[in-house]
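Accompanying notes for the structure given below.
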Amino acid sequence: NPDNNSKKILDEAAIVGNLMTKNIAYDSPIKAPWIYYPGKNWELGIMTDNPSFEDERNATQILPRTSYVYEAITTADNMVKKIIGSGSKYLGNFRDANDNYLVGSNTYKLHVPPNVPAEQFWSLDAYDTETRSLIKSDARSSITGVNLANVTQNSDGSYDIYMGPEPLAGQEGNWIKTNPDEGFFVIFRFYGPTEAYYDKSWQLPNIELVKGDVRIH
């Protein structure tokens, strides 16, 4: 039965707590050790080697856990351990090649090199930064490597995937729709990752801005 002053404190705490968690998830210095490819913006989706988020002293890894559970829910051994050809791995990205946050008003391109190191399949999914769910729109918010019938493949086996509010002419099949003025982030998923994922002989490039506002949002 909190009094009015307690209610005010609790209401403000909920707002500040959400903002703190959002900052940890999207712009925290703890991410630096978990950047997967040197000099690029792709980072491990789960910033731990232990799916329970505990270190060798059994102490809780509070910031990595906070970052992850703000965006997702479950964890499993196969999501963090090195198991060739089995399990899954996730790389997240919040910024373009110029280090600006991804914004739905802009158009971006991700070049997916040939021979993605995923024995089962791969996917690229775009998420709303507020809901942390797939972008809600009247078009698709993901492209998956098991359903590429309408996706144009380059002659060398690579793919160019575009993200933006409207498709570029001739690239409708390679397009993920984003919502103007809304922030988003992407996760590239590897199901059954192979050795080329682990030794990084295969790497995703940064996401390139094709057209739009270059300011940091």
Side-chain angles (χ1 to χ4, degrees), residues 21-49 61 63-72 79-80 88-118 122-135 141-145 158-165 174-179 181-191 193 196-217:
T21 305
K22 185 182 293 186
N23 184 68
I24 291 170
Y26 299 152
D27 192 33
S28 172
I30 65 166
K31 291 180 176 292
W34 302 101
I35 294 294
Y36 197 60
Y37 306 123
K40 297 177 182 176
N41 292 327
W42 294 95
E43 59 192 50
L44 288 171
I46 305 179
M47 294 182 291
T48 181
D49 296 324
Q61 300 167 313
L63 294 182
R65 186 183 67 178
T66 301
S67 177
Y68 178 76
V69 299
Y70 186 72
E71 304 165 41
M79 296 166 69
V80 297
S88 55
K89 290 292 178 287
Y90 311 88
L91 296 180
N93 204 330
F94 304 88
R95 301 172 182 266
D96 64 20
N98 298 314
D99 238 17
N100 294 322
Y101 282 112
L102 302 175
V103 181
S105 307
N106 296 341
T107 298
Y108 304 93
K109 181 179 81 169
L110 173 63
H111 178 74
V112 181
N115 305 313
V116 177
W122 59 270
S123 69
L124 177 69
D125 305 279
Y127 294 84
D128 184 299
T129 54
E130 291 298 324
T131 65
R132 288 91 72 199
S133 298
L134 291 171
I135 292 175
S141 54
S142 65
I143 288 178
T144 175
S158 65
Y159 294 92
D160 291 321
I161 308 300
Y162 295 88
M163 296 160 278
N174 295 45
W175 170 59
I176 291 175
K177 185 174 182 179
T178 59
N179 294 324
D181 300 321
E182 294 182 4
F184 72 97
F185 63 94
V186 299
I187 294 179
F188 199 98
R189 301 166 181 259
F190 303 80
Y191 291 94
Y197 167 82
Y198 292 104
D199 66 19
K200 303 178 186 178
S201 57
W202 186 97
Q203 296 190 12
L204 283 169
N206 277 328
I207 295 170
E208 300 287 343
L209 177 68
V210 175
K211 64 177 181 178
D213 194 343
V214 299
R215 292 179 300 172
I216 295 178
H217 293 260

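Worth saying up front: this structure is predicted, and the values here are computed from it rather than measured. By convention here, the first residue in the shown sequence is residue 1.
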Roughly how far, to the nearest 0.5 Å, is OG1 of Thr107 from CE of Met163?
-> 10.0 Å

Ignoring hydrogens and angles, tell me if any N or O in the side chain of Trp175 forms a donor-acceptor pair with the backbone of Gly164 under 3.5 Å.
-> yes

Report yes if the side chains of Leu63 and Ile30 come closer than 4.5 Å at any heavy-atom pair, otherwise no.
-> yes

If every non-hydrogen atom of Asp181 is compared with every non-hydrogen atom of Ser105, which pair is closest and at what distance?
-> N-OG, 2.6 Å

Separation between CG of Leu102 and OG1 of Thr178, rounded to the nearest 0.5 Å = 9.5 Å

Do Thr66 and Tyr68 have side-chain atoms, one donor and one acceptor, less than 3.5 Å apart?
-> no

Heavy-atom closest contact (Trp122 atom, Ile143 atom, distance) = CZ3-O, 4.1 Å

Considering all heavy atoms of both residues, which atom of Ala25 and which atom of Tyr70 are nearest to each other, and what is their separation?
-> CB-CD2, 3.7 Å

Apply the side-chain contact (heavy atoms from CB on, under 4.5 Å) test between Phe184 and each candidate in Asn179, Val103, Ile135; give the one that qualifies.
-> Ile135

Test side chain to side chain contact (heavy atoms under 4.5 Å, CB included) on Val112 and Ser158 and set out the steps.
-> CA-CA 6 Å; Val112 181; Ser158 65; 5.9 Å; no

Going by heavy atoms in the side chains, are Val186 and Trp42 under 4.5 Å from each other?
-> yes

Check: Phe188 ring centre within less than 6.0 Å of Phe190 ring centre | yes

Between Glu130 and Lys22, which heavy-atom pair has the shortest distance, and what is it?
-> OE2-NZ, 2.9 Å

Mind checking the CD-OG spacing from Gln61 to Ser67? Nearest 0.5 Å is all I need.
-> 12.0 Å

Just wondering, do Pro33 and Met47 contact through their side chains at under 4.5 Å, heavy atoms?
-> no

Of all residues at least two apart in sequence or in a different chain, which pass the ring-ring contact (aromatic ring centres under 6.0 Å, His included) check with Phe185?
-> Tyr26, Phe94, Tyr127

State which residues pass side chain to side chain contact (heavy atoms under 4.5 Å, CB included) with Ser123; sequence neighbours excluded, sorted by chain then number.
-> Asp125, Thr144, Arg189, Tyr191

May I ask you to test the Glu182-Asp128 pair for a side-chain heavy-atom distance under 4.5 Å?
-> yes

Hey, is CG on Asn23 packed in by over 12 heavy atoms from elsewhere, all under 6.0 Å?
-> yes

Indicate every side-chain donor-acceptor pair of residues 199-208 with a distance under 3.5 Å to a residue at least two apart or in another chain.
unit_1	atom_1	unit_2	atom_2	d
Asp199	OD1	Ser201	N	2.8
Asp199	OD1	Ser201	OG	2.7
Lys200	NZ	Tyr36	O	2.7
Trp202	NE1	Pro114	O	2.9
Gln203	OE1	Lys40	NZ	3.0
Gln203	NE2	Lys200	O	3.1
Asn206	OD1	Asn41	N	2.9

Asp160 and Tyr162 side chains, donor-acceptor separation under 3.5 Å = no

Test: Arg95 and Asp27 ion pair at under 4.0 Å = yes

Here the gap from Tyr108 atom OH to Ile176 atom CD1, rounded to the nearest 0.5 Å, amounts to 13.5 Å

When rounded to the nearest 0.5 angstrom, what is the spacing between CG in Asn174 and CG in Leu110?
-> 11.0 Å

Rounded to the nearest 0.5 angstrom, the CD-CD1 distance for Glu71 and Ile24 is 11.5 Å

